[in-house]
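Each chain gets a letter, A, B and so on, in the order the sequences are listed, and its residues count up from 1. Quick note: numbers below take in every heavy atom, side chains included, and nothing from hydrogens, waters or symmetry partners.
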Number of protein chains: 2
Amino acid sequence: MALRHAVLAALLDGEYSGYQLAKAFDIGVANFWHALPQQLYAELTRLEKDGLVAGRQVVQESRPNKRLFRVTEAGRAELERFAAAASKPSFIRDDLLVKVQAADRVGTAPVIEQLQERAAAADAKIELLGALLRQLRGDMDEEEFLLRGERIGPYLTCLRGLAFEREHRDWCLRIAAVLRERRRAPHGER
Amino acid sequence: MALRHAVLAALLDGEYSGYQLAKAFDIGVANFWHALPQQLYAELTRLEKDGLVAGRQVVQESRPNKRLFRVTEAGRAELERFAAAASKPSFIRDDLLVKVQAADRVGTAPVIEQLQERAAAADAKIELLGALLRQLRGDMDEEEFLLRGERIGPYLTCLRGLAFEREHRDWCLRIAAVLRERRRAPHGER
DNA sequence: TCTGAGTAGTCACTTTTTTGAGTATGATGC
DNA sequence: GCATCATACTCAAAAAAGTGACTACTCAGA
């Protein structure tokens with residue numbers, strides 16, 4: 001039960017529909033969890049059944065009706081319990097790293113290409129997160145916001161995401177450069 | 001099928017038993033994938049059935065017999081195919097981040113504690129990876145090794161792991177400091 | 001007027017990952 | 001001499017995550 005708590009945490013700041021939640025999971029929440037819309041709808045259904053969130057129907061004209069969910073007291077308590085329990089260690093799990101591990105035993109050309117695509121994607125995400133951070137802290141500077149802002153959780157996770165993306169971009173570019181250089185000027189035998 | 005390729009990539013450097021592989025997955029390979037021994041044994045069985053690895057029985061005295069596996073030509077070809085295919089984007093997936101996201105809506109004390117434990121664990125991993133990198137590059141310096149070393153794949157993924165752990169440690173320490181400071185000097189109302 | 005994109009979701013299914021409980025032997029430490 | 005650790009694995013099951021295929025309605029643009 002892991003997506004469960006990510007959904008609860010994402011839902012702390014107000015009412016969201018499954019659809020809106022899916023968008024949040026594509027940007028801010030993606031810094032600590034990832035899920036497809038179907039998974040979110042399913043999890044919301046389970047959470048509601050367990051009384052951890054409450055949904056209400058909102059009838060709309062000119063677009064489909066929707067259900068908005070908010071965290072209940074029981075949900076908040078569950079999150080409290082979760083926060084106090086031990087966390088599993090985090091780790092990277094990335095196809096691209098697997099390819100790099102094999103890098104000098106398989107063709108490097110496609111890997112170099114993917115490293116560069118990744119770097120570009122990371123760049124895009126860095127901009128997105130920068131904008132999100134500016135928006136979250138409003139007119140305060142970061143230090144002041146972190147000390148006096150009233151809701152810093154999402155900001156803190158975005159900081160982590162930003163650092164991750166920067167690091168990832170730099171690594172991708174460096175590794176791509178190394179692999180290109182080695183193609184240009186071959187090394188030992190083989 | 002993702003663990004599959006991680007196992008193949010890890011097996012590129014020689015013959016390993018499931019048991020040895022499990023150790024590798026706890027240190028170096030953990031930089032790009034993570035798995036429990038049971039999964040590795042199961043995956044090795046499947047890989048062998050599919051002809052991507054070949055196992056041979058090694059009879060031992062004074063300890064249980066073991067089976068050593070190596071990547072076959074078909075396995076190498078599969079890895080080649082995998083390297084050329086598109087990769088899924090990577091993302092962080094971390095309980096602790098979920099807790100931080102909820103940080104100012106639930107009790108922060110246990111979260112601060114966990115952040116510090118994590119920072120310490122990251123420190124330990126940083127040392128481990130540093131030693132592994134020194135061992136992998138032998139008496140060359142990094143630049144020379146990356147250019148002329150004959151097997152740099154594992155080195156490159158360890159570099160990623162090292163950067164990740166450093167970043168993670170710094171973030172944990174900073175966030176712990178921020179949350180402590182906010183407990184000391186409360187902000188807005190609530 | 002047709003096409004595609006955005007909103008809002010559901011159902012069924014498969015794959016992957018995790019968890020828990022075992023087996024067996026020799027070596028090492030108190 | 002007894003307990004625990006390290007080696008080396010296996011089996012079964014549950015939980016979590018991911019995939020594909022669908023429904024329906026509105027609006028904007030070609």
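Of the two residues near DNA chain D, A/E43 and A/E61, the one whose nearest nucleotide lies more 5' is A/E43. Take the nearest nucleotide of DNA chain D for B/K88 and for B/Q38: the residue whose nucleotide is more 5' is B/Q38.
A donor and an acceptor atom, one from each side chain of B/Q20 and B/S17, are located under 3.5 Å apart. Looking only at atom types and distance, the side chain of B/T108 has a donor-acceptor partner in the side chain of B/R183 under 3.5 Å away. Remark: the A/D95 side chain and the B/S87 side chain contain no N/O donor-acceptor pair separated by less than 3.5 Å.
Taking side-chain N and O atoms only, B/K23 has a distance below 4.0 Å to OP1 or OP2 of D/dT7. Here A/R63 does not reach the OP1 or OP2 of D/dA24: none of its side-chain N or O atoms lies under 4.0 Å away. In this structure, A/Q39 does not reach the D/dA17 phosphate: none of its side-chain N or O atoms is under 4.0 Å from OP1 or OP2. For C/dT25, neither phosphate oxygen OP1 nor OP2 lies less than 4.0 angstrom from any side-chain nitrogen or oxygen of B/S62.
Here the P atom of nucleotide D/dC22 and the OH atom of A/Y41 are 19 Å apart, to the nearest Å. Rounded to whole angstrom, the span from the CZ atom of A/R4 across to the P atom of D/dA17 amounts to 11 Å. Rounded to an integer number of Å, the gap from B/L44 CG to D/dC9 P is 9 Å. Rounding to whole angstrom units, CG of residue B/L36 and C1' of D/dC11 are separated by 15 Å. As a whole-Å value, the separation of A/R93 CZ from C/dT17 C1' is 7 Å. Separating the CD atom of B/Q60 from the P atom of C/dA24 is a distance of 19 Å, rounded to the nearest angstrom. Rounded to whole Å, the distance from OH on A/Y16 to P on C/dT7 is 15 Å. Going from atom NZ of A/K66 over to atom P of C/dT7 covers 10 Å, rounded to whole Å.
The side chain of A/Y19 lies closest to C/dT7, out of C/dT7, D/dT26, D/dG18. Here D/dG18 is the nucleotide among C/dG6, D/dT7, D/dG18 with the atom lying nearest to any side-chain atom of B/F91. Counting only heavy atoms from C-beta on, A/A2 has its side chain closest to D/dA17 among D/dG18, D/dA17, C/dA24.
Figure legend: A/R160 and B/F164 shown as a cation-pi pair, the cationic atom lying under 6.0 angstrom from the six-membered ring centre and within 45 degrees of its axis.
Contact between B/C172 and B/A119 at its shortest, heavy atoms only, is CB-CB, 4.0 Å.
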